[in-house]
Amino acid sequence: MNLYKVIRKIHLIATLVLATFIFMYFATGFIMIFEETFQRRNLRVEKVKEKIEGIQSIEPDSLAEWSRKKYHLKGRHFIDENDESIVIDFSYPGTIASVRVLRSYDSVRVEVKKGNFNTVMHQYHRLHGYAGGWTYFTWALMYDLSAISMIIFSITGIYLWYKTERRRLVGWMVFLASTLLTFSTIYYLMRN
Amino acid sequence: MLEEIAGFLTPPTNNFQAIIAASLFFFHLSHMRMQSFLQKIHIYGGLACFWYFFILGVSSLQFNHHFKFMEPLADSIVWERQSLRVDGNQNDIKLAEAIRDSLSLMGWPLPWDMWRDSSAIHFALEQPAKRYFITYKFDTNAAKIVETRKGFWPVFNSLHGAGPVPNGSFTTLWQWYTRAAVIVGIFSIVTGLCIWIESNEDKKSGLIILFTCLAAALVWMFKLYFLG
(Lines give C-alpha, C1' and ligand atoms only; values in the text may rest on other atoms or scores of the structure.)
Protein backbone atom coordinates (compact mmCIF):
# COMPACT_ATOMS: atom_id res chain seq x y z
CA MET A 1 0.00 0.00 0.00
CA ASN A 2 1.49 3.38 -0.95
CA LEU A 3 1.67 6.42 1.33
CA TYR A 4 -1.35 8.08 -0.27
CA LYS A 5 -3.54 5.05 0.46
CA VAL A 6 -2.24 4.75 4.03
CA ILE A 7 -2.97 8.43 4.73
CA ARG A 8 -6.40 8.16 3.10
CA LYS A 9 -7.13 5.15 5.31
CA ILE A 10 -6.02 7.00 8.46
CA HIS A 11 -8.17 10.00 7.47
CA LEU A 12 -11.18 7.71 6.91
CA ILE A 13 -10.87 5.49 10.00
CA ALA A 14 -10.25 8.46 12.31
CA THR A 15 -13.42 10.07 10.92
CA LEU A 16 -15.53 6.95 11.34
CA VAL A 17 -14.41 6.30 14.91
CA LEU A 18 -14.71 9.87 16.11
CA ALA A 19 -17.41 11.29 13.80
CA THR A 20 -20.03 11.43 16.55
CA PHE A 21 -17.73 13.08 19.06
CA ILE A 22 -16.30 15.57 16.64
CA PHE A 23 -19.76 16.34 15.30
CA MET A 24 -20.89 16.90 18.90
CA TYR A 25 -18.01 19.32 19.48
CA PHE A 26 -18.81 21.29 16.33
CA ALA A 27 -22.56 21.30 17.02
CA THR A 28 -22.10 22.42 20.64
CA GLY A 29 -19.44 24.88 19.46
CA PHE A 30 -22.02 26.31 17.05
CA ILE A 31 -24.39 26.86 19.99
CA MET A 32 -21.59 28.53 21.96
CA ILE A 33 -20.47 30.80 19.13
CA PHE A 34 -24.02 31.97 18.43
CA GLU A 35 -24.83 32.50 22.09
CA GLU A 36 -27.07 35.53 21.44
CA THR A 37 -29.45 33.13 19.68
CA PHE A 38 -28.92 30.09 21.90
CA GLN A 39 -28.98 31.64 25.33
CA ARG A 40 -28.20 29.77 28.52
CA ARG A 41 -30.53 29.97 31.47
CA ASN A 42 -31.46 27.98 34.53
CA LEU A 43 -34.67 26.02 34.41
CA ARG A 44 -34.64 25.39 38.13
CA VAL A 45 -32.63 26.61 41.10
CA GLU A 46 -32.99 24.86 44.44
CA LYS A 47 -31.51 26.25 47.63
CA VAL A 48 -31.22 24.52 50.96
CA LYS A 49 -29.77 25.94 54.14
CA GLU A 50 -29.72 23.93 57.32
CA LYS A 51 -27.99 23.65 60.63
CA ILE A 52 -26.10 20.43 61.22
CA GLU A 53 -24.27 19.96 64.50
CA GLY A 54 -20.53 19.36 64.18
CA ILE A 55 -20.47 19.59 60.39
CA GLN A 56 -17.34 21.72 60.35
CA SER A 57 -15.33 18.95 61.97
CA ILE A 58 -15.95 16.50 59.10
CA GLU A 59 -13.07 15.96 56.65
CA PRO A 60 -13.72 17.47 53.18
CA ASP A 61 -13.67 14.08 51.39
CA SER A 62 -16.16 12.58 53.84
CA LEU A 63 -18.22 15.74 53.61
CA ALA A 64 -18.38 15.34 49.83
CA GLU A 65 -19.62 11.76 50.13
CA TRP A 66 -22.04 12.69 52.91
CA SER A 67 -23.56 15.58 50.91
CA ARG A 68 -23.75 13.44 47.76
CA LYS A 69 -25.98 10.97 49.62
CA LYS A 70 -27.96 13.43 51.70
CA TYR A 71 -28.83 15.85 48.86
CA HIS A 72 -28.86 13.26 46.03
CA LEU A 73 -26.07 15.03 44.16
CA LYS A 74 -24.52 13.48 41.09
CA GLY A 75 -21.47 13.93 38.88
CA ARG A 76 -17.87 14.57 39.73
CA HIS A 77 -16.85 16.92 42.47
CA PHE A 78 -14.06 19.37 43.19
CA ILE A 79 -13.18 20.61 46.68
CA ASP A 80 -12.02 24.16 47.38
CA GLU A 81 -10.85 24.62 50.94
CA ASN A 82 -9.73 27.78 52.71
CA ASP A 83 -9.58 29.18 56.25
CA GLU A 84 -13.20 30.34 56.23
CA SER A 85 -15.07 27.67 54.32
CA ILE A 86 -15.15 24.39 52.44
CA VAL A 87 -16.84 24.57 49.04
CA ILE A 88 -17.64 21.37 47.13
CA ASP A 89 -18.82 21.81 43.54
CA PHE A 90 -20.63 18.88 41.92
CA SER A 91 -21.24 18.92 38.21
CA TYR A 92 -22.43 16.85 35.28
CA PRO A 93 -23.92 18.00 31.96
CA GLY A 94 -27.04 19.98 32.75
CA THR A 95 -26.63 20.34 36.49
CA ILE A 96 -24.26 22.20 38.80
CA ALA A 97 -24.46 21.98 42.57
CA SER A 98 -22.49 23.79 45.20
CA VAL A 99 -22.18 22.77 48.84
CA ARG A 100 -20.74 25.43 51.13
CA VAL A 101 -19.82 24.84 54.75
CA LEU A 102 -18.62 27.80 56.84
CA ARG A 103 -16.01 26.78 59.39
CA SER A 104 -17.36 29.17 62.02
CA TYR A 105 -20.97 27.87 61.94
CA ASP A 106 -22.64 24.46 62.09
CA SER A 107 -24.51 25.10 58.89
CA VAL A 108 -24.49 23.99 55.28
CA ARG A 109 -25.77 25.79 52.18
CA VAL A 110 -26.61 23.82 49.08
CA GLU A 111 -27.51 25.33 45.72
CA VAL A 112 -28.50 23.15 42.76
CA LYS A 113 -28.90 24.70 39.31
CA LYS A 114 -30.53 22.81 36.47
CA GLY A 115 -29.81 24.38 33.09
CA ASN A 116 -31.71 24.44 29.81
CA PHE A 117 -30.71 22.58 26.64
CA ASN A 118 -28.14 25.24 25.64
CA THR A 119 -26.51 25.00 29.06
CA VAL A 120 -26.28 21.22 28.70
CA MET A 121 -24.58 21.65 25.31
CA HIS A 122 -22.09 24.14 26.79
CA GLN A 123 -21.26 21.71 29.56
CA TYR A 124 -20.74 18.78 27.17
CA HIS A 125 -18.38 21.00 25.19
CA ARG A 126 -16.43 22.09 28.26
CA LEU A 127 -16.25 18.70 29.96
CA HIS A 128 -12.59 17.76 30.19
CA GLY A 129 -9.98 16.48 32.62
CA TYR A 130 -9.38 12.92 33.78
CA ALA A 131 -10.67 13.36 37.34
CA GLY A 132 -14.02 12.01 38.54
CA GLY A 133 -13.95 8.25 38.00
CA TRP A 134 -14.06 5.95 35.00
CA THR A 135 -17.04 7.67 33.30
CA TYR A 136 -15.18 10.96 33.12
CA PHE A 137 -11.88 9.24 32.42
CA THR A 138 -13.35 7.62 29.30
CA TRP A 139 -14.90 10.92 28.25
CA ALA A 140 -11.54 12.67 28.63
CA LEU A 141 -9.91 9.91 26.58
CA MET A 142 -12.44 10.40 23.76
CA TYR A 143 -11.85 14.14 24.07
CA ASP A 144 -8.12 13.62 23.64
CA LEU A 145 -8.64 11.31 20.67
CA SER A 146 -10.95 13.88 19.06
CA ALA A 147 -8.35 16.61 19.62
CA ILE A 148 -5.59 14.45 18.13
CA SER A 149 -7.81 13.54 15.19
CA MET A 150 -8.45 17.25 14.51
CA ILE A 151 -4.70 17.67 14.10
CA ILE A 152 -4.49 14.50 11.97
CA PHE A 153 -7.45 15.56 9.78
CA SER A 154 -5.98 18.95 9.08
CA ILE A 155 -2.55 17.60 8.15
CA THR A 156 -3.73 14.54 6.20
CA GLY A 157 -6.36 16.72 4.50
CA ILE A 158 -3.63 18.99 3.13
CA TYR A 159 -1.66 15.96 1.93
CA LEU A 160 -4.70 14.41 0.24
CA TRP A 161 -5.56 17.70 -1.48
CA TYR A 162 -1.99 18.04 -2.71
CA LYS A 163 -1.97 14.51 -4.10
CA THR A 164 -5.40 14.52 -5.74
CA GLU A 165 -5.66 17.97 -7.27
CA ARG A 166 -3.67 18.76 -10.39
CA ARG A 167 -4.53 22.45 -10.43
CA ARG A 168 -3.48 23.74 -7.08
CA LEU A 169 -3.46 27.50 -7.52
CA VAL A 170 -6.90 28.08 -5.97
CA GLY A 171 -6.08 25.68 -3.15
CA TRP A 172 -2.80 27.46 -2.41
CA MET A 173 -4.58 30.80 -2.40
CA VAL A 174 -7.23 29.57 0.03
CA PHE A 175 -4.62 27.99 2.28
CA LEU A 176 -2.39 31.06 2.24
CA ALA A 177 -5.33 33.34 3.03
CA SER A 178 -6.15 31.20 6.08
CA THR A 179 -2.48 31.17 7.14
CA LEU A 180 -2.21 34.93 6.72
CA LEU A 181 -5.34 35.56 8.78
CA THR A 182 -4.23 33.23 11.59
CA PHE A 183 -0.73 34.60 11.99
CA SER A 184 -1.70 38.22 11.52
CA THR A 185 -4.29 37.77 14.30
CA ILE A 186 -1.63 36.28 16.58
CA TYR A 187 0.80 39.08 15.65
CA TYR A 188 -1.90 41.73 16.18
CA LEU A 189 -2.76 40.40 19.65
CA MET A 190 0.87 40.14 20.71
CA ARG A 191 1.83 43.58 19.43
CA ASN A 192 -1.11 45.56 20.85
CA MET B 1 -24.63 4.80 -15.93
CA LEU B 2 -23.19 4.35 -19.44
CA GLU B 3 -25.85 1.75 -20.14
CA GLU B 4 -28.51 4.20 -19.14
CA ILE B 5 -27.00 6.91 -21.32
CA ALA B 6 -26.80 4.41 -24.21
CA GLY B 7 -30.41 3.49 -23.54
CA PHE B 8 -31.29 7.15 -23.62
CA LEU B 9 -29.53 7.66 -26.94
CA THR B 10 -31.41 4.79 -28.63
CA PRO B 11 -34.73 5.91 -30.13
CA PRO B 12 -37.47 5.66 -27.50
CA THR B 13 -40.36 3.37 -28.28
CA ASN B 14 -42.84 5.69 -26.63
CA ASN B 15 -43.02 9.04 -24.82
CA PHE B 16 -43.10 7.48 -21.38
CA GLN B 17 -39.79 5.68 -22.00
CA ALA B 18 -38.29 8.92 -23.30
CA ILE B 19 -39.31 10.81 -20.17
CA ILE B 20 -37.89 8.10 -17.89
CA ALA B 21 -34.63 7.97 -19.81
CA ALA B 22 -34.29 11.76 -19.81
CA SER B 23 -35.02 11.91 -16.08
CA LEU B 24 -32.40 9.26 -15.36
CA PHE B 25 -29.85 11.08 -17.46
CA PHE B 26 -30.41 14.43 -15.75
CA PHE B 27 -30.54 12.76 -12.33
CA HIS B 28 -27.10 11.24 -12.95
CA LEU B 29 -25.80 14.52 -14.29
CA SER B 30 -27.00 16.48 -11.26
CA HIS B 31 -25.86 13.66 -8.97
CA MET B 32 -22.35 13.84 -10.44
CA ARG B 33 -22.37 17.62 -10.16
CA MET B 34 -23.59 17.41 -6.59
CA GLN B 35 -20.89 14.86 -5.72
CA SER B 36 -18.21 17.02 -7.28
CA PHE B 37 -19.64 20.07 -5.51
CA LEU B 38 -19.56 18.26 -2.14
CA GLN B 39 -15.99 17.20 -2.81
CA LYS B 40 -15.02 20.80 -3.60
CA ILE B 41 -16.64 22.05 -0.37
CA HIS B 42 -14.84 19.33 1.59
CA ILE B 43 -11.44 20.08 0.06
CA TYR B 44 -11.51 23.89 -0.13
CA GLY B 45 -13.48 24.30 3.09
CA GLY B 46 -10.88 22.09 4.78
CA LEU B 47 -8.03 24.15 3.33
CA ALA B 48 -9.65 27.42 4.41
CA CYS B 49 -10.14 26.13 7.93
CA PHE B 50 -6.88 24.19 8.27
CA TRP B 51 -5.43 26.50 10.91
CA TYR B 52 -8.61 26.71 12.92
CA PHE B 53 -8.92 22.91 13.06
CA PHE B 54 -5.25 22.64 13.97
CA ILE B 55 -5.67 25.22 16.74
CA LEU B 56 -8.78 23.39 17.99
CA GLY B 57 -6.81 20.17 18.27
CA VAL B 58 -3.79 21.67 20.03
CA SER B 59 -5.77 23.90 22.40
CA SER B 60 -8.15 21.07 23.34
CA LEU B 61 -5.16 18.95 24.34
CA GLN B 62 -3.92 21.87 26.43
CA PHE B 63 -7.31 22.22 28.20
CA ASN B 64 -7.20 18.54 29.11
CA HIS B 65 -3.56 18.34 30.19
CA HIS B 66 -2.34 21.85 31.08
CA PHE B 67 1.09 21.43 29.52
CA LYS B 68 3.73 23.40 31.40
CA PHE B 69 5.36 24.84 28.28
CA MET B 70 2.03 26.34 27.21
CA GLU B 71 1.25 28.05 30.50
CA PRO B 72 1.31 31.89 30.49
CA LEU B 73 4.66 33.52 31.16
CA ALA B 74 5.10 36.03 33.96
CA ASP B 75 7.18 38.54 32.06
CA SER B 76 6.15 41.92 33.54
CA ILE B 77 7.02 45.54 32.87
CA VAL B 78 5.74 48.62 34.68
CA TRP B 79 4.90 51.91 33.00
CA GLU B 80 2.97 55.07 33.84
CA ARG B 81 0.79 57.54 32.02
CA GLN B 82 -0.01 61.04 33.29
CA SER B 83 -2.88 63.46 32.65
CA LEU B 84 -5.59 61.03 31.67
CA ARG B 85 -9.00 62.53 31.02
CA VAL B 86 -11.67 60.33 32.57
CA ASP B 87 -14.81 61.05 34.51
CA GLY B 88 -14.41 59.52 37.98
CA ASN B 89 -18.15 59.67 38.74
CA GLN B 90 -19.07 56.44 37.02
CA ASN B 91 -19.57 52.92 38.27
CA ASP B 92 -16.43 50.78 38.52
CA ILE B 93 -16.85 48.90 35.24
CA LYS B 94 -17.60 52.05 33.21
CA LEU B 95 -14.67 53.84 34.81
CA ALA B 96 -12.32 50.93 34.10
CA GLU B 97 -13.47 50.92 30.46
CA ALA B 98 -12.91 54.69 30.20
CA ILE B 99 -9.38 54.32 31.63
CA ARG B 100 -8.67 51.45 29.23
CA ASP B 101 -9.86 53.57 26.29
CA SER B 102 -7.81 56.60 27.32
CA LEU B 103 -4.73 54.37 27.61
CA SER B 104 -5.50 52.94 24.12
CA LEU B 105 -5.39 49.40 25.49
CA MET B 106 -7.55 46.49 24.46
CA GLY B 107 -9.12 43.86 26.67
CA TRP B 108 -11.84 43.08 29.19
CA PRO B 109 -11.81 44.68 32.69
CA LEU B 110 -12.32 41.88 35.21
CA PRO B 111 -15.11 42.70 37.72
CA TRP B 112 -13.85 40.07 40.19
CA ASP B 113 -10.41 41.68 40.26
CA MET B 114 -11.48 45.31 40.73
CA TRP B 115 -11.83 47.56 43.76
CA ARG B 116 -11.95 51.24 44.60
CA ASP B 117 -10.74 53.20 47.61
CA SER B 118 -10.85 56.92 48.39
CA SER B 119 -7.81 57.77 46.28
CA ALA B 120 -7.75 55.25 43.41
CA ILE B 121 -9.39 52.48 41.43
CA HIS B 122 -7.48 49.23 40.94
CA PHE B 123 -8.43 46.69 38.30
CA ALA B 124 -7.15 43.92 36.07
CA LEU B 125 -7.56 44.07 32.31
CA GLU B 126 -7.25 40.87 30.34
CA GLN B 127 -6.67 40.10 26.68
CA PRO B 128 -5.32 36.89 25.11
CA ALA B 129 -1.69 38.07 24.90
CA LYS B 130 -1.39 40.30 27.96
CA ARG B 131 -2.73 40.94 31.39
CA TYR B 132 -2.62 44.45 32.84
CA PHE B 133 -3.04 45.51 36.41
CA ILE B 134 -3.96 49.19 36.47
CA THR B 135 -4.03 51.64 39.36
CA TYR B 136 -5.61 54.98 38.50
CA LYS B 137 -5.27 57.82 41.01
CA PHE B 138 -8.13 60.32 41.11
CA ASP B 139 -6.14 63.28 42.46
CA THR B 140 -3.31 63.17 39.90
CA ASN B 141 -5.20 61.61 36.97
CA ALA B 142 -2.24 59.27 36.56
CA ALA B 143 -2.24 55.55 35.91
CA LYS B 144 0.36 52.98 36.84
CA ILE B 145 0.24 49.88 34.67
CA VAL B 146 1.82 46.51 35.38
CA GLU B 147 1.85 44.73 32.02
CA THR B 148 2.40 40.97 31.96
CA ARG B 149 3.07 39.32 28.61
CA LYS B 150 1.81 35.77 28.38
CA GLY B 151 3.86 34.57 25.42
CA PHE B 152 2.91 32.78 22.20
CA TRP B 153 0.99 29.69 23.38
CA PRO B 154 -1.78 31.39 25.39
CA VAL B 155 -2.49 33.55 22.32
CA PHE B 156 -2.48 30.52 20.03
CA ASN B 157 -4.83 28.59 22.35
CA SER B 158 -7.11 31.58 22.88
CA LEU B 159 -8.01 31.44 19.19
CA HIS B 160 -10.01 28.27 20.02
CA GLY B 161 -13.04 30.40 20.77
CA ALA B 162 -12.13 34.04 20.94
CA GLY B 163 -14.84 36.63 20.52
CA PRO B 164 -13.86 40.14 19.47
CA VAL B 165 -11.57 41.78 22.03
CA PRO B 166 -12.80 45.27 23.08
CA ASN B 167 -10.79 47.92 21.18
CA GLY B 168 -9.29 45.16 19.05
CA SER B 169 -11.23 45.74 15.86
CA PHE B 170 -9.08 43.30 13.85
CA THR B 171 -10.18 40.42 16.09
CA THR B 172 -13.74 40.73 14.70
CA LEU B 173 -12.36 39.15 11.54
CA TRP B 174 -11.23 36.13 13.55
CA GLN B 175 -14.68 35.86 15.12
CA TRP B 176 -16.26 35.64 11.66
CA TYR B 177 -13.62 33.16 10.58
CA THR B 178 -14.37 30.89 13.59
CA ARG B 179 -18.10 31.08 12.84
CA ALA B 180 -17.49 30.08 9.25
CA ALA B 181 -15.03 27.38 10.31
CA VAL B 182 -17.52 25.74 12.69
CA ILE B 183 -20.11 25.58 9.92
CA VAL B 184 -17.48 24.26 7.48
CA GLY B 185 -16.45 21.71 10.13
CA ILE B 186 -20.00 20.36 10.35
CA PHE B 187 -20.21 20.30 6.54
CA SER B 188 -16.82 18.60 6.25
CA ILE B 189 -17.93 15.71 8.45
CA VAL B 190 -21.20 15.30 6.55
CA THR B 191 -19.64 15.71 3.08
CA GLY B 192 -16.71 13.47 4.06
CA LEU B 193 -19.14 10.71 5.02
CA CYS B 194 -21.16 11.28 1.80
CA ILE B 195 -18.02 11.04 -0.32
CA TRP B 196 -16.98 7.86 1.48
CA ILE B 197 -20.44 6.26 1.04
CA GLU B 198 -20.37 7.10 -2.68
CA SER B 199 -16.89 5.65 -3.08
CA ASN B 200 -17.84 2.19 -1.73
CA GLU B 201 -14.45 2.04 0.01
CA ASP B 202 -14.56 -0.38 2.99
CA LYS B 203 -18.27 0.29 3.17
CA LYS B 204 -19.41 -2.68 5.26
CA SER B 205 -16.68 -2.55 7.91
CA GLY B 206 -16.82 1.25 7.88
CA LEU B 207 -20.54 1.31 8.57
CA ILE B 208 -20.08 -1.15 11.45
CA ILE B 209 -17.37 1.08 12.96
CA LEU B 210 -19.44 4.23 12.39
CA PHE B 211 -22.64 2.92 13.96
CA THR B 212 -20.90 1.16 16.85
CA CYS B 213 -19.05 4.35 17.73
CA LEU B 214 -22.20 6.43 17.23
CA ALA B 215 -24.16 4.18 19.61
CA ALA B 216 -21.33 4.13 22.17
CA ALA B 217 -20.98 7.92 22.11
CA LEU B 218 -24.73 8.47 22.47
CA VAL B 219 -24.98 5.96 25.32
CA TRP B 220 -22.10 7.79 27.01
CA MET B 221 -23.73 11.19 26.64
CA PHE B 222 -27.09 9.94 27.96
CA LYS B 223 -25.34 8.17 30.81
CA LEU B 224 -23.65 11.41 31.83
CA TYR B 225 -26.84 13.41 31.47
CA PHE B 226 -29.12 11.07 33.43
CA LEU B 227 -26.77 9.40 35.89
CA GLY B 228 -23.96 11.92 36.26
Side-chain angles (χ1 to χ4, degrees), chain A residues 12-13 15-27 29-30 32-34 74-76 92-95 120 124 127-130 135 138-140 142-144 146-151 153-155 157-158 161 164-165 170-171 174-175 177-179 181-182 184-186 188-190 192, chain B residues 43-44 46-61 63-65 105-106 127-130 149 152 155-156 158-159 161 165 168 170-171 173-175 177-179 182-183 185-186 188-189 192-193 196 201-202 206 209-210 213-214 216-218 220-221 223-225 227-228:
Chain A
L12 175 66
I13 291 171
T15 311
L16 294 175
V17 172
L18 296 163
T20 314
F21 249 78
I22 294 170
F23 190 84
M24 182 274 289
Y25 278 112
F26 275 112
F30 184 86
M32 292 168 88
I33 282 176
F34 294 94
K74 291 187 282 188
R76 58 179 171 179
Y92 67 94
T95 307
V120 176
Y124 272 128
L127 190 62
H128 53 74
Y130 281 85
T135 313
T138 313
W139 183 276
M142 293 303 283
Y143 174 102
D144 267 348
S146 304
I148 292 166
S149 71
M150 287 308 297
I151 299 168
F153 286 152
S154 12
I155 295 167
I158 295 274
W161 158 72
T164 48
E165 292 286 306
V170 178
V174 171
F175 180 62
S178 133
T179 307
L181 175 65
T182 305
S184 50
T185 305
I186 293 174
Y188 175 79
L189 286 168
M190 292 185 80
N192 286 289
Chain B
I43 292 172
Y44 291 106
L47 283 174
C49 300
F50 168 83
W51 282 107
Y52 186 63
F53 296 160
F54 189 76
I55 289 168
L56 280 189
V58 173
S59 55
S60 299
L61 287 174
F63 298 151
N64 219 15
H65 297 278
L105 297 177
M106 59 184 195
Q127 61 113 314
K130 292 170 190 171
R149 292 171 191 171
F152 172 78
V155 182
F156 186 85
S158 77
L159 298 180
V165 183
F170 188 71
T171 54
L173 205 58
W174 185 261
Q175 188 197 23
Y177 177 63
T178 57
R179 289 179 172 191
V182 166
I183 294 166
I186 294 171
S188 290
I189 296 168
L193 290 174
W196 163 67
E201 187 182 341
D202 300 327
I209 294 173
L210 180 68
C213 294
L214 172 77
L218 289 176
W220 216 253
M221 287 176 205
K223 196 251 172 221
L224 276 172
Y225 181 72
L227 304 173

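So you know, we letter chains A, B, ... as the sequences are listed, proteins then strands, and number each from 1.
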**OP:** Give a yes or no answer on whether the side chain of A/Y124 reaches the backbone of B/M221 with a donor-acceptor pair at less than 3.5 Å.
**Re:** yes
**OP:** Could you label the plane-to-plane angle of the A/F175 and B/W51 rings as parallel, tilted or perpendicular, counting under 30° as parallel and over 60° as perpendicular?
**Re:** parallel
Original post:
How far apart are the C-alpha atoms of B/L61 and A/D144, what are their side-chain angles, what is the distance that settles it, and do they pass the side chain to side chain contact (heavy atoms under 4.5 Å, CB included) test?
Top reply: CA-CA 6 Å; B/L61 287 174; A/D144 267 348; 3.4 Å; yes
Original post:
Are any side-chain N or O atoms of B/Y225 and backbone N or O atoms of A/G94, one a donor and one an acceptor, separated by less than 3.5 Å?
Top reply: no
Subject >> B/W220 side chain vs A/T135 backbone, donor-acceptor pair below 3.5 Å >> reply: yes
**OP:** With a 4.5 Å cut-off on heavy-atom pairs, point out which of A/S184, A/A147, A/A140 contacts chain B the most.
**Re:** A/A147
Original post:
Using non-hydrogen atoms only, which part of A/T95 is less than 4.5 Å away from chain B: side chain, backbone, both, or neither?
Top reply: neither
Original post:
Partners of A/Y188 by ring-ring contact (aromatic ring centres under 6.0 Å, His included), sequence neighbours excluded?
Top reply: B/F170
**OP:** Please tell me if the side chains of A/L16 and B/L193 come closer than 4.5 Å, counting only heavy atoms from C-beta onward.
**Re:** yes
Original post:
What's the shortest heavy-atom distance between A/L189 and B/M106, and which atoms?
Top reply: CD2-CE, 3.6 Å
**OP:** Specify which of A/F26, A/Y92, A/Y25 makes the most heavy-atom pairs with chain B at under 4.5 Å.
**Re:** A/F26
**OP:** Mind checking the OG-CG spacing from A/S146 to B/L56? Nearest 0.5 Å is all I need.
**Re:** 11.0 Å
Subject >> Separation of B/F53 CZ from A/S178 OG (nearest 0.5 Å) >> reply: 10.0 Å
**OP:** Report yes if the side chains of A/I186 and B/L159 come closer than 4.5 Å at any heavy-atom pair, otherwise no.
**Re:** yes
Original post:
When heavy-atom pairs shorter than 4.5 Å are enumerated against chain B, which of A/Y143, A/Y130, A/F21 gives the highest number?
Top reply: A/Y143
Original post:
Which residue out of B/G206, B/C49, B/G192, B/C213 racks up the most heavy-atom pairs below 4.5 Å with chain A?
Top reply: B/C213
Original post:
Among A/V120, A/T15, A/I22, A/T179, which residue forms the greatest number of heavy-atom pairs with chain B at distances under 4.5 Å?
Top reply: A/T179
**OP:** Report the C-alpha distance between B/L224 and A/L127 in whole Å, list the side-chain angles of each, state the deciding distance to 0.1 Å, and finish with yes or no for side chain to side chain contact (heavy atoms under 4.5 Å, CB included).
**Re:** CA-CA 11 Å; B/L224 276 172; A/L127 190 62; 3.7 Å; yes
Original post:
With only heavy atoms counted, which part of A/M32 is less than 4.5 Å from chain B, the side chain, the backbone, both or neither?
Top reply: neither
Original post:
Can you tell me how far CH2 of B/W196 sits from CG of A/L12, rounded to the nearest 0.5 angstrom?
Top reply: 6.5 Å
**OP:** Return yes if some donor-acceptor pair links the side-chain N/O of B/K130 with the main-chain N/O of A/N192 below 3.5 Å, else return no.
**Re:** yes
**OP:** Applying side-chain contact (heavy atoms from CB on, under 4.5 Å), name anything that partners B/A48, two or more places apart in sequence or on another chain.
**Re:** A/V174
Subject >> Option that, when pairs with chain A are counted at under 4.5 Å, heavy atom only, ranks first among B/A216, B/G46, B/S60 >> reply: B/S60
Original post:
Given a strict heavy-atom distance threshold of 4.5 Å, which part of B/I189 is in contact with chain A: side chain, backbone, both, or neither?
Top reply: side chain
**OP:** Could you tell me which of B/D202, B/L218, B/L105 has the largest number of non-hydrogen atom pairs under 4.5 Å with chain A?
**Re:** B/D202
**OP:** Find the one option among A/I148, A/I155, A/V170, A/T182 whose heavy-atom pairs under 4.5 Å with chain B are most numerous.
**Re:** A/T182
**OP:** Check A/K74 against B/G228 and note the closest heavy-atom contact, atom names and distance.
**Re:** CB-CA, 4.2 Å
Original post:
Has the side chain of B/N64 got a donor or acceptor atom that lies under 3.5 Å from a matching backbone atom of A/H128?
Top reply: no
Subject >> Residue A/A177 versus chain B: region with a heavy atom under 4.5 Å >> reply: neither
Subject >> Considering all heavy atoms, the nearest B/G57-A/M150 contact >> reply: CA-CB, 3.9 Å
Subject >> Engaged part of B/I183 at the chain A interface, taking heavy atoms whose separation is under 4.5 Å >> reply: side chain
